[in-house]
Amino acid sequence: MTEITTGNLAKLFGTTSKTIADLAKRGILVSAGKRGRWQLEPSVGGYVRHLRETAAGRGSDAGADARARLGAAQAQLAEAKAKQLSGELVEAAEVEAKWSATCRAIRSRVLAVAERMRDLPARQHVKLTRELRDALTDLSERRG
């Protein structure tokens, strides 16, 4: 059984003593039974396995979380595209444009009521026009 020190193992792996300590805590490296000494072959094998798993995306919970978030985001995007294609989902700008046109049409129709009521006495006609404008103004100032 060949032993190696923490410093030499760090040099071999191209890392630091702190990283060696972290790898040891996670059970990737195999201790030689003495403080600061490691079994060379099992430790190198463990480190290689760790690198392979990390490269394959299995080495950390962070990688798994990232893949899960990516998958969820892709699923949401696909669902939104499907709804858009089926007509269940429309662009906000399109909805806003249609509602603006509808609101303008309603305003025009309401204001036209006073004009169609020209046979009223002048005071009533003015009062009706003012009340209709006030109602429209009140509705336009409401938010939510």
Using 0.5 Å steps for rounding, measure from the [atom1] atom of [X] to the [atom2] atom of [Y].
| X | Y | atom1 | atom2 | result |
| --- | --- | --- | --- | --- |
| L12 | N8 | CG | CG | 8.5 Å |
| E79 | Q74 | CD | CD | 14.0 Å |
| S31 | Q39 | OG | CD | 7.5 Å |
| T5 | K11 | OG1 | NZ | 8.0 Å |
| T15 | L9 | OG1 | CG | 9.5 Å |
| W38 | I20 | CH2 | CD1 | 8.0 Å |

Which heavy atom of [X] sits nearest a heavy atom of [Y], and at what distance?
| X | Y | result |
| --- | --- | --- |
| L29 | S43 | CD2-O, 3.7 Å |
| R116 | D119 | O-OD1, 4.4 Å |
| A10 | S17 | CB-N, 4.0 Å |

Give a yes or no on whether [X] and [Y] share a hydrophobic cluster (residues Ile, Leu, Val, Met, Phe, Trp, Tyr; joining criterion: side-chain heavy atoms under 4.5 Å apart).
| X | Y | answer |
| --- | --- | --- |
| L77 | L89 | no |
| I106 | L128 | yes |
| L139 | L132 | no |
| L120 | V113 | yes |
| I28 | V30 | no |

Q | Neighbour count >12 (heavy atoms, 6.0 Å) for atom CD, Q76 | A |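 No.
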Q: Count the heavy atoms belonging to other residues, nucleotides or ligands that lie under 6.0 Å from CZ of R107, then report whether that count exceeds 12.
A: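 No, because the 6.0 Å sphere around CZ of R107 holds 12 heavy atoms or fewer from other groups.
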**Q.** Pairwise side-chain contact, H50 with Y47, heavy-atom cut-off 4.5 Å (strictly under)
**A.**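 The answer is yes, as the side chains (C-beta and beyond) meet within the 4.5 Å cut-off.
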Q: Could you list the residues that satisfy side-chain contact (heavy atoms from CB on, under 4.5 Å) with E115, not counting sequence neighbours?
A: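 Here the qualifying residues are R118, H125.
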(Q) Strictly below 4.0 Å, N to O, side chains only: are D134 and R130 in salt-bridge contact? (A)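 A salt bridge is absent here (no side-chain N lies under 4.0 Å from a carboxylate O).
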Q: May I have the step-by-step check of side-chain hydrogen bond (donor to acceptor under 3.5 Å, both in side chains) for S140 and T137, ending in yes or no?
A: CA-CA 5 Å; S140 72; T137 300; 5.2 Å; no
